[in-house]
Amino acid sequence: MKIAVTFDGNDSVFQHFGHTEQFKIYEVEDNKIISEKILSSDGSGHSALAELLAKENIDKIICGGIGGCAISALSDAGIEIFAGISGNTNEAVQNLLNGTLVQNSSATCNHHHEHHHGENHSCGHNCH
């Protein structure tokens, strides 16, 4: 099994899936981490990130906030999503393996019209 975590470069879960520049990829066998690597996102847009993770044969993603387009693209790729996670990446993966990872259901962006995350980005209907 392969688990990807949005990564801020400081061993913390990056808090916005669509803006992550790196993923920390964990390979797991027999419920134990056997390897880790850093993967550059190299893409723009939620669909490109989902495609990148699908090409890496990722089974599960751990992230902070995530919008509807990203959820749809990841689901279409067969990747299970664990959203609303913060803190240390290694601890998050270990909690997932232990069955104790607690998701925050308010981590999904569902405010399409008035709220924007920054210049030229919103969680609106413009999936790309």
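Values in this document were obtained by computation on a predicted structure and should not be read as measured data.
Residues Ile85 and Val93 are members of one and the same hydrophobic cluster, defined by side-chain heavy-atom contacts under 4.5 angstrom among Ile, Leu, Val, Met, Phe, Trp and Tyr.
Note: Cys69 SG to Leu74 CG = 11.0 Å, rounded to the nearest 0.5 Å. We find the NZ-CG distance between Lys55 and Leu39 to be 11.0 Å, quoted to the nearest 0.5 Å. Atom-to-atom distance recorded for Ile38:CD1 and Ile25:CD1 is 8.0 Å, nearest 0.5 angstrom. Of the inter-residue distances, the one linking Ile79 atom CD1 with Ile3 atom CD1 reads 12.5 Å to the nearest 0.5 angstrom. Rounding to the nearest 0.5 Å places CD1 of Ile71 at 12.0 Å from CG of Asp76. Note that CZ of Phe17 and OG1 of Thr6 are 8.0 Å apart. Values are rounded to the nearest 0.5 Å.
Across every non-hydrogen atom of Phe23 and Thr20, the tightest pair is CZ-CG2, 3.4 Å. Scanning both residues, Ala92 and Leu101, for their nearest heavy atoms gives O-CD1, 3.6 Å. Shown here for Ala77 and Ala54, the closest heavy-atom pair between the two residues is CB-CB, 4.0 Å. Here the shortest heavy-atom pairing between Gly64 and Val13 reads N-CG1, 3.8 Å. Considering all non-hydrogen atoms of both residues, Leu52 and Ser40 come closest at CD2-O, 3.5 Å. Listed here is the closest heavy atom pair of Val5 and Ile61: N-CD1, 4.3 Å.
Using a 4.5 Å cut-off on side-chain heavy atoms (C-beta onward), Val28 and Ile34 make no contact. In this structure, the side chains of Tyr26 and Asn90 come closer than 4.5 Å at one or more pairs of heavy atoms. Looking at Met1 and Leu97, their side chains come closer than 4.5 Å, going by heavy atoms from C-beta outward. Taking 4.5 Å as the limit, every side-chain heavy atom of Ser41 sits out of range of all side-chain heavy atoms of Gln22.
Put simply, the side chain of Ser12 never gets that close to the backbone of Asp8: no donor and acceptor are under 3.5 Å apart.
With sequence neighbours excluded, the residues satisfying salt bridge (Lys or Arg N to Asp or Glu O under 4.0 Å) with Asp11 are Lys24. For Ser35, the side-chain contact (heavy atoms from CB on, under 4.5 Å) partners at least two apart in sequence or on another chain are Glu27.
Among pairs with a residue in residues 56-65, those fulfilling side-chain hydrogen bond (donor to acceptor under 3.5 Å, both in side chains) read Lys37-Glu56, Lys60-Glu80, at least two apart in sequence or across chains.
Annotation for Glu21: atom CD does not count as buried by contact number, only 12 or fewer foreign heavy atoms lying within 6.0 Å.
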Leu96 vs Ile62, side-chain contact (heavy atoms from CB on, under 4.5 Å): CA-CA, chis, key distance, verdict: CA-CA 9 Å; Leu96 175 62; Ile62 296 173; 4.0 Å; yes

